[in-house]
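Next up is a structure, given as structure tokens.
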2 protein chains.
Amino acid sequence: MSDETETRWLDATQQRSWRALVIGTTLLMDRLDDDLRKGFGLSLTEYEILVRLSEREGRQMRMAALADALRHSRSRVTHTVARMERAGLIERCTAADDGRGIIATMTDEGWDLLVRAAPLHVTSVRDNLVDLCDEDDFAAVGRVMNAVADRLVGDHPEVDIR
Amino acid sequence: MSDETETRWLDATQQRSWRALVIGTTLLMDRLDDDLRKGFGLSLTEYEILVRLSEREGRQMRMAALADALRHSRSRVTHTVARMERAGLIERCTAADDGRGIIATMTDEGWDLLVRAAPLHVTSVRDNLVDLCDEDDFAAVGRVMNAVADRLVGDHPEVDIR
DNA sequence: CTTAGGTAGTTGAACATTCAACCTAATGCT
DNA sequence: AGCATTAGGTTGAATGTTCAACTACCTAAG
């Protein structure tokens with residue numbers, strides 16, 4: 001937090017951009033979530049967990065790593081993974097090397113679902129974001145949001161972004 | 001939805017930008033919410049409702065207009081405003097001209113709270129976003145997210161963005 | 001003037017997320 | 001070894017959001 005004594009309000013342009021960011025992301029995330037739910041009975045959160053697992057060796061990851069990668073609370077990941085386990089998409093077992101650790105592994109069913117869902121999802125991301133804007137502008141979004149993430153990850157230490 | 005038969009995946013750069021957007025906004029919104037909660041016992045959602053009301057003549061707005069402006073479901077606004085009414089920040093009364101309408105009005109207590117909370121909030125938005133990045137990049141974010149909002153608002157018709 | 005259809009808003013249950021308390025295993029210190 | 005501290009993870013209750021059903025009112029067509 002800066003320690004100005006006078007508040008520096010946003011000017012009209014910044015105000016508009018900021019509001020667009022809030023509204024735009026709300027709308028976009030809602031849309032992506034809807035697409036996945038209607039098409040595959042999967043929430044965006046669940047989908048993202050499947051994606052992260054699919055990228056790892058053995059399609060598995062420790063709960064804490066999953067939480068850090070998604071920037072979700074451990075509790076949230078526990079609940080979500082528990083639901084997904086009930087649905088047969090994931091299995092959990094204790095880590096061999098660390099008695100505290102729990103490893104979440106994607107089942108074949110989970111993999112199949114991801115394979116089926118991904119094309120729709122990517123297409124939706126393109127249609128509602130990437131293909132909608134100038135390439136350079138989109139790169140700028142990346143720079144800005146990376147800066148934000150870097151800044152805020154500090155509070156929530158030792159995380160690897162990927 | 002485009003009707004390509006082959007999925008056009010995101011390339012590595014787009015992938016990174018997209019992931020930064022998801023993580024960055026998550027982190028940012030969480031942080032803004034935390035700041036408001038800890039400082040003033042107000043959620044970001046509640047804060048935004050106060051802001052919208054404060055901008056209107058008479059510090060009041062119809063429930064539906066509030067819902068449209070924030071892109072929240074009517075149900076969500078009903079619940080949130082009900083809580084805020086219990087907390088003494090807002091009052092509700094029926095609209096004179098339309099028997100169905102309900103008008104939410106900010107109380108003086110709500111106004112005072114907003115006046116106290118706003119400087120912290122704006123400072124936080126600057127520290128964690130606006131002042132963190134290049135001005136042109138931030139303008140690009142505005143363009144991109146406006147395009148997204150315009151595209152997606154169509155599904156959810158007759159809304160005025162402001 | 002009546003009825004069909006849409007709009008505004010609420011309700012309560014189901015669901016998802018947060019929060020605080022808790023347990024267990026690892027680590028570090030003496 | 002013995003004890004305190006920290007990290008990984010879960011639990012259940014409280015909170016917030018969504019969803020579907022419902023009421024009341026407005027509007028327009030016959």
### Message
So, OP1 or OP2 of C:dG9: does either fall under 4.0 Å of a side-chain N or O from B:R62?
### Response
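Yes, B:R62 has a side-chain N/O under 4.0 Å of OP1/OP2 on C:dG9.
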### Message
With a 4.5 Å cut-off on side-chain heavy-atom distances among I, L, V, M, F, W and Y, is there a chain of contacts connecting B:I90 to B:I103?
### Response
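No, because B:I90 and B:I103 fall into different hydrophobic clusters, even though each may have its own neighbours under 4.5 Å.
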### Query
For A:D68 and D:dG8, what is the distance between atoms CG and P respectively, to the nearest whole Å?
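After rounding, the gap between these two atoms is 8 Å.
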### Message
Rounded to whole Å, please give me the gap between CG in B:D97 and P in D:dA24.
### Response
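My rounded result for the distance is 20 Å.
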### Task
Report the residue (A:R92 or A:D30) whose heavy-atom-nearest nucleotide on DNA chain D is the more 5′ of the two.
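Comparing both residues, the 5'-ward one is A:R92.
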### Rounded distance in Å - CE (A:M61) to P (D:dG9)
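From A:M61 CE to D:dG9 P: 11 Å.
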#### Entry: A:M106 and A:I49, any side-chain heavy atoms less than 4.5 Å apart
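In short, these two side chains do not touch, never coming nearer than 4.5 Å.
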### Task
Compare the minimum distances between each of C:dT17, C:dT10, D:dT10 and the side chain of A:I102, then state the nucleotide with the smallest one.
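Nearest to the side-chain atoms of A:I102, counting from C-beta on, is D:dT10.
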### Message
Whole angstroms only, please: what is the CD1-C1' distance between A:I49 and C:dT17?
### Response
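Those two atoms, CD1 and C1', are 13 Å apart.
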### Query
When the distance from CG of A:D98 to C1' of D:dG9 is rounded to whole Å, what number comes out?
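Rounded to the whole Å, the gap is 11 Å.
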### Message
Counting only side-chain heavy atoms from C-beta out, which of C:dT10, D:dT17, C:dT18 sits nearest to A:S73?
### Response
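Looking only at heavy atoms from C-beta outward on A:S73, the closest nucleotide is C:dT18.
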### Query
Going by heavy atoms in the side chains, are A:R62 and A:I102 under 4.5 Å from each other?
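The answer is no, as the side chains (C-beta and beyond) never meet within the 4.5 Å cut-off.
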### Task
Let me know the distance between CG of A:L66 and P of D:dG8, rounded to the nearest Å.
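Spelled out: CG on A:L66 to P on D:dG8 is 13 Å.
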#### Entry: Protein-nucleotide distance (A:M84, atom CE; C:dT17, atom P), rounded to Å
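Distance check: A:M84 CE to C:dT17 P gives 12 Å.
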### Message
What I want to check is whether an N or O donor and acceptor connect the side chain of B:H79 with the base of D:dT15 at under 3.5 Å.
### Response
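Under the 3.5 Å cut-off, the side chain and the base do not form any donor-acceptor pair.
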### Query
Do B:S75 and C:dT11 have a side chain to base donor-acceptor pair shorter than 3.5 Å?
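When only heavy-atom distances are counted, B:S75 does reach the base of C:dT11 through a donor-acceptor pair under 3.5 Å.
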### Task
Report which part of the nucleic acid A:T45 touches: base, sugar-phosphate, or nothing (heavy-atom distance under 4.0 Å, all strands).
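Answer is sugar-phosphate: A:T45 comes under 4.0 Å of backbone atoms only.
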### Task
Looking only at side-chain atoms of A:R100, point me to the closest of D:dT17, C:dT10, D:dG8.
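It is D:dG8.
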### Query
If you measure only the distance, is there a donor-acceptor pair under 3.5 Å linking the side chains of A:D35 and A:S124?
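Yes, side-chain donor-acceptor contact under 3.5 Å.
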### Message
Assess whether a salt bridge exists between B:R76 and B:E46, defined as any Lys/Arg side-chain N lying under 4.0 Å from an Asp/Glu carboxylate O.
### Response
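Not counted as a salt bridge, because no side-chain N and carboxylate O are separated by less than 4.0 Å.
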### Message
Return whichever of A:S43 or A:G99 has its heavy-atom-nearest nucleotide of DNA chain C closer to the 5' end.
### Response
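So the residue in question is A:S43.
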### Query
Is there a side-chain polar atom (N or O) of B:R74 under 4.0 Å from OP1 or OP2 of D:dA20?
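Result: no.
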### Query
OP1, OP2 of D:dT18 versus side-chain N and O of A:R37: anything below 4.0 Å?
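Answer no for this pair, as no side-chain N or O of A:R37 is under 4.0 Å from OP1 or OP2.
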### Task
Check the distance between C:dG9's P and B:E85's CD and give it to me in whole angstrom.
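These atoms are roughly 14 Å apart.
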### Message
Side-chain N or O of B:R76 versus OP1/OP2 of D:dG16: is the shortest distance under 4.0 Å?
### Response
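For B:R76, the contact criterion (side-chain N or O under 4.0 Å from OP1 or OP2 of D:dG16) is not met.
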